[in-house]
Structures are given as structure tokens and as C-alpha cells.
Amino acid sequence: MSGSRLPGTDVRLLHQSILAWYAAHSRPLPWRDPSCSPWGVLVSEVMAQQTPVSRVVPAWQDWMSRWPTPADLARESPGEVVRAWGRLGYPRRALRLRDAAIAIVERHDGEVPRDQSELRALPGIGDYTAAAVAAFAFGDRSVVVDTNVRRVQARVVSGLAQAAPSLTRAEVDLARELLPVVDHDAAVWNVAVMELGALVCTARAPRCGDCPVRARCAWVLAGSPAYDGPVRRGQKWHGTDRQVRGIIVQALREATGPVGRAALAPGRDEQQVDRCLAGLIEDGLVEPLSADRFALPGLVEASG
DNA sequence: TAACCGTGGTT
DNA sequence: TAACCAAGGTT
């Protein structure tokens with residue numbers, strides 16, 4: 001084993017400060033309740049993929065009362081699931097969550113697996129979500145690296161204003177080194193660092209005055225220098241296929257029955273609408289009922 | 001690897 | 001107001 005690669009960083013004090021801060025300031029999110037099932041934790045993690053937690057909370061409540069177990073969701077039609085997903089964004093996540101529920105029923109007897117490689121094998125579950133479910137649903141000592149963890153590490157340990165454009169091996173290694181030795185401590189540490197990143201060490205305007213480790217933050221100690229690394233490419237929105245796909249799926253969510261092509265995305269370029277429609281059908285988000293009738297999948301019997 | 005995939009709040 | 005950003009995953 002190598003020695004500490006964290007010169008100047010007292011990991012013990014970091015643990016103490018951030019765990020104490022979390023105990024005093026954590027949000028009472030419903031999936032953090034000790035009575036929440038592993039399924040509830042898994043659902044919360046998938047919903048929170050690129051969607052702010054504040055918007056996830058009400059959707060999660062509705063979802064869990066409707067489909068309290070994987071078996072409940074596995075029985076549902078894809079269209080109903082996409083409709084219930086509402087406007088959380090990236091509706092393919094809803095389909096994959098349903099597919100994950102089906103896989104859990106088929107491969108794991110209806111119980112969310114605890115093993116990270118088994119979690120990772122479920123549709124829509126990547127490295128982050130597998131580690132998060134292992135930690136937060138089962139209390140395991142997994143290496144959880146999300147955008148919050150990356151930013152906190154970049155500042156507190158590396159002295160940089162923000163993390164690199166994409167996840168690096170070094171960031172995962174660092175997160176592993178920072179992990180407390182005891183399982184339960186590690187699980188709480190993971191959520192505590194995420195919470196610090198979400199509430200205090202934020203991307204835009206960090207609240208350094210409220211930070212429990214500001215006295216030992218490498219970035220603050222360096223004078224909070226501006227980021228000078230590679231810039232990540234911003235995502236276009238207006239006029240993109242993503243925007244038109246969103247318009248089409250929302251039209252189908254709001255409709256009580258099949259919708260004609262012209263009513264899916266009025267005023268939009270017809271070629272673009274056709275292209276998006278083909279993509280949505282390919283993705284399983286739209287079902288063509290006839291040459292010019294479309295609906296969310298599995299809601300009505302195909303005809304004509 | 002980098003592009004793609006929704007949505008709405010914040011700055 | 002336009003750009004940025006959010007508990008990422010897939011191809």
C-alpha cells in the first residue's frame with residue numbers, strides 16, 4: 001500500500017468537520033428516512049440523474065405511492081410510466097427504470113440487489129447510481145462520485161475552482177482515498193460530501209462563509225483562483241431535436257388518445273418532426289398506431 | 001471519446 | 001437575456 005497522497009490535507013479533520021456539518025444541516029429528503037426501501041432509494045437516484053433534487057421530491061412521492069415495489073412498476077405499461085414521469089426530463093430514464101424493475105423481478109426475485117456489479121448491470125444504472133444505491137440503501141462502503149463530489153474534491157483538495165470537463169481516474173482514486181474505513185461512516189461521508197456540494201460548495205456562487213472546511217480548503221487558501229482548465233462545451237437547445245422531441249412527448253402526455261402528426265409539434269419543420277418521431281419510436285417512447293396516429297406506447301390497442 | 005438525451009430554475 | 005447548471009447513462 002502506498003502512503004497518503006494528500007500532503008497538507010488532514011483527512012481525519014475533513015471527516016470530522018463535514019460529518020458534523022451534515023448532521024446539523026442535511027435536508028430531510030424522503031428517501032433518506034430509515035424506513036425507505038432500497039427500491040425507493042434506487043428510484044430517487046434515477047430521478048435525480050441530471051434533475052435537481054427539489055424537483056424530484058414531489059415526483060418521487062407520487063411514484064412511490066403508485067408503484068411501491070419493483071413488481072408493481074414491472075406490471076405497468078411503458079406509456080403510463082412515461083406519462084407519470086411528467087416533466088422531469090430525459091424520459092428515456094422512465095423506460096429504463098421500468099426495464100430495471102422488470103430485470104429485478106426476473107433476475108433478483110423482485111428484490112433490489114446489493115451487489116454493485118449486479119446493480120450496474122441493470123438498465124439505466126451506471127457507475128454512480130450503482131455505488132449510490134449500495135451506499136444509501138445498504139450502508140456499504142462504495143466509492144460514490146457525482147458532480148458534487150467532484151467539485152468539492154476539486155476545491156478542497158486540489159485547489160481548483162471546478163472539476164475537469166469529464167470524470168477522471170484520478171478523481172475516483174482520490175474519492176477512494178478520502179473514504180472513511182468503517183462501512184457506515186463511509187456511506188454517510190458519501191452523502192455528506194454530496195450535500196455539501198449541493199448546499200454550500202455550489203457551482204456558481206459557493207457559500208464559503210458557511211463551509212465547515214473553509215479554513216482547510218486548498219482553493220480558498222490559494223485565494224479562490226478562477227478556473228483556467230479546458231472548457232466544456234455547452235449544450236444547444238433552441239431548434240434542436242431534443243427540444244422537438246420534448247414537445248412531441250409532452251403533446252402525447254397531455255392527450256387522452258392518439259394524436260395526428262400535425263398536432264404533435266405545430267409550426268416545426270416537418271422533416272425535423274419526422275426525424276424526431278422516428279427516433280422516439282426507435283427509443284420506445286412513441287408508438288405508431290397507424291400511418292398518422294401516434295400515442296405513448298402500450299396505452300391503446302393498435303388498429304388500422 | 002464526445003455527442004446526444006429534457007426541463008426549469010438561477011445568474 | 002442567454003448561458004449555465006442539475007445525485008448521469010448510453011452509444
Side-chain angles (χ1 to χ4, degrees), chain A residues 22 26-27 29-32 40-60 82 85-97 99-100 119-137 142-152 161-169 171-172 175 187 189-199 201-207 227 230-253 265 275-276 279-280 282-286:
Chain A
Y22 180 76
S26 66
R27 293 167 292 182
L29 301 174
W31 50 86
R32 287 180 184 164
V41 173
L42 191 157
V43 171
S44 78
E45 291 299 339
V46 172
M47 285 185 168
Q49 290 168 359
Q50 296 289 282
T51 298
V53 165
S54 59
R55 284 173 47 204
V56 167
V57 172
W60 184 90
V82 170
W85 192 256
R87 303 189 66 91
L88 288 177
Y90 294 141
R92 292 191 292 193
R93 288 183 294 162
L95 294 179
R96 293 189 183 123
L97 183 54
D99 290 338
L119 286 164
R120 182 65 179 77
L122 297 172
I125 307 297
D127 289 337
Y128 161 76
T129 305
V133 171
F136 308 144
S142 58
V143 182
V144 180
V145 187
D146 78 327
T147 187
N148 291 301
V149 172
R150 297 184 62 218
R151 185 174 54 252
V152 171
Q162 64 185 66
S166 57
L167 179 65
T168 67
R169 175 61 185 273
E171 290 177 301
V172 178
W189 167 256
N190 279 322
V191 72
V193 176
M194 288 170 59
E195 192 78 338
L196 186 67
L199 300 182
C201 194
T202 54
R204 288 286 194 94
R207 301 163 172 79
Y227 178 74
V231 180
R232 64 177 142 196
R233 310 168 61 85
Q235 292 186 336
K236 300 293 187 189
W237 174 245
H238 287 286
T240 62
D241 284 4
R242 267 195 311 156
Q243 184 184 25
V244 173
R245 284 169 58 106
I247 290 167
I248 292 171
V249 172
Q250 180 57 15
L252 294 176
R253 271 195 211 98
R275 182 173 67 245
C276 290
L280 289 166
E282 174 69 23
D283 289 344
L285 284 164
V286 171

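Residue numbers begin at 1 in each chain, while the letters A, B, ... track the order of the sequences. Just so it is clear, the values below take in all heavy atoms, side chains as well, and ignore hydrogens, waters and symmetry mates.
Residues A:G89 and A:S166 each lie close to DNA chain B; by heavy-atom proximity, the contact nearer the 5' end of the strand is made by A:S166. A residue-by-residue look at A:W31 and A:R96 shows that A:W31 has its nearest nucleotide of DNA chain C further toward the 5' end. Toward the 5′ end of DNA chain B lies the nearest nucleotide of A:L285, the other residue of the pair A:L285 and A:R204 mapping further downstream. When each of A:P123 and A:E45 is assigned the nucleotide of DNA chain C with its nearest heavy atom, A:E45 is the one assigned upstream, toward the 5' end.
Within the 4.0 angstrom heavy-atom criterion, no nucleotide atom of any strand lies near A:A132. Within the 4.0 angstrom heavy-atom criterion, only backbone atoms of the sugar-phosphate kind lie near A:R253; the bases stay farther away. Contacts of A:L95 with the nucleic acid, taken as non-hydrogen atoms under 4.0 Å apart, are absent. Among the atoms of the strands shown, base atoms are found under 4.0 Å from some heavy atom of A:R32. A:R87 comes within contact range of the sugar-phosphate backbone alone, with a heavy-atom separation under 4.0 Å but no base atom that close. Residue A:R55 is in base contact, counting any heavy-atom pair closer than 4.0 Å across all strands shown. Among the protein residues, A:D283 comes within range of no part of the nucleic acid, since none of its heavy atoms lies under 4.0 Å from any strand. Residue contacts shown for A:W85 are absent, as no nucleic acid heavy atom lies under 4.0 Å away.
Annotated stems with DNA chain C as a participant read B:2-5 with C:8-11, B:7-11 with C:2-6, given as range with range, by first number; only runs of 3 or more Watson-Crick or G-U pairs under 3.5 Å qualify.
Distance A:R233 CZ to C:dA3 C1': 15 Å, rounded to the nearest Å. For the pair A:Y22 OH and C:dA7 C1', the computed distance is 12 Å after rounding to whole Å. If you measure from atom CD of A:E195 to atom P of C:dA6, you get 14 Å, rounded to the nearest angstrom. Rounded to whole angstrom, the span from the CG atom of A:L196 across to the C1' atom of C:dA7 amounts to 14 Å. Following rounding to the nearest Å, A:Q235 (CD) and C:dG9 (C1') show an atom-to-atom distance of 13 Å. Distance, A:R93 CZ to C:dA6 P: 14 Å, rounded to whole Å. Remark: C1' of C:dA3 and CD of A:Q162 are 14 Å apart, rounded to the nearest angstrom. A:L199 has its CG atom 9 Å from the P atom of C:dA7, to the nearest Å.
Annotation: B:dG6 and C:dT11 have their P atoms spaced 14 Å apart (nearest Å). The separation of C:dA7 from B:dC5, taken at their P atoms, amounts to 22 Å, rounded to a whole angstrom.
A:T147 meets the side chain to side chain contact (heavy atoms under 4.5 Å, CB included) test with A:R151; sequence neighbours excluded. For A:R232, there are no salt bridge (charged side-chain N to carboxylate O under 4.0 Å, His left out) partners, not counting sequence neighbours. Among residues two or more places apart in sequence or in another chain, the salt bridge (charged side-chain N to carboxylate O under 4.0 Å, His left out) test is passed with A:R92 by A:D283. When the side chain to side chain contact (heavy atoms under 4.5 Å, CB included) test is applied to A:R32, the partners found at least two apart in sequence or on another chain are A:Y22, A:S26, A:R27, A:L29, A:V191, A:E195. A:R204 is linked by a salt bridge (charged side-chain N to carboxylate O under 4.0 Å, His left out) to nothing, counting only residues two or more places apart in sequence or in another chain. Applying the side chain to side chain contact (heavy atoms under 4.5 Å, CB included) criterion to A:A94, with sequence neighbours excluded, gives A:V81, A:W85. Applying the side chain to side chain contact (heavy atoms under 4.5 Å, CB included) criterion to A:D99, with sequence neighbours excluded, gives A:I102, A:P123.
For DNA chain B, the span of nucleotides reached by chain A at under 4.0 Å from its heavy atoms goes, 5' to 3', from B:dA3 to B:dT11.
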Pair A:V82-A:V249, side chain to side chain contact (heavy atoms under 4.5 Å, CB included): steps then yes or no: CA-CA 9 Å; A:V82 170; A:V249 172; 4.1 Å; yes
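Here the nucleotide nearest the side chain of A:Q49, chosen from C:dA6, C:dA7, C:dG9, is C:dG9. Side-chain atoms of A:R120 lie closest to C:dT10 of the nucleotides C:dA7, C:dT10, C:dA6.
When only modelled atom types and interatomic distance are considered, A:Y128 and A:E45 share a side-chain donor-acceptor pair under 3.5 Å. Residues A:Q50 and A:R93 bring no donor and acceptor atom of their side chains to less than 3.5 Å of each other.
In terms of phosphate contacts, A:Q50 brings a side-chain nitrogen or oxygen within less than 4.0 Å of OP1 or OP2 of C:dG8. Here A:T51 does not reach the OP1 or OP2 of C:dA6: none of its side-chain N or O atoms lies under 4.0 Å away.
For the atom pair A:K236 NZ and A:H238 NE2, the distance stands at 11.0 Å (nearest 0.5 Å).
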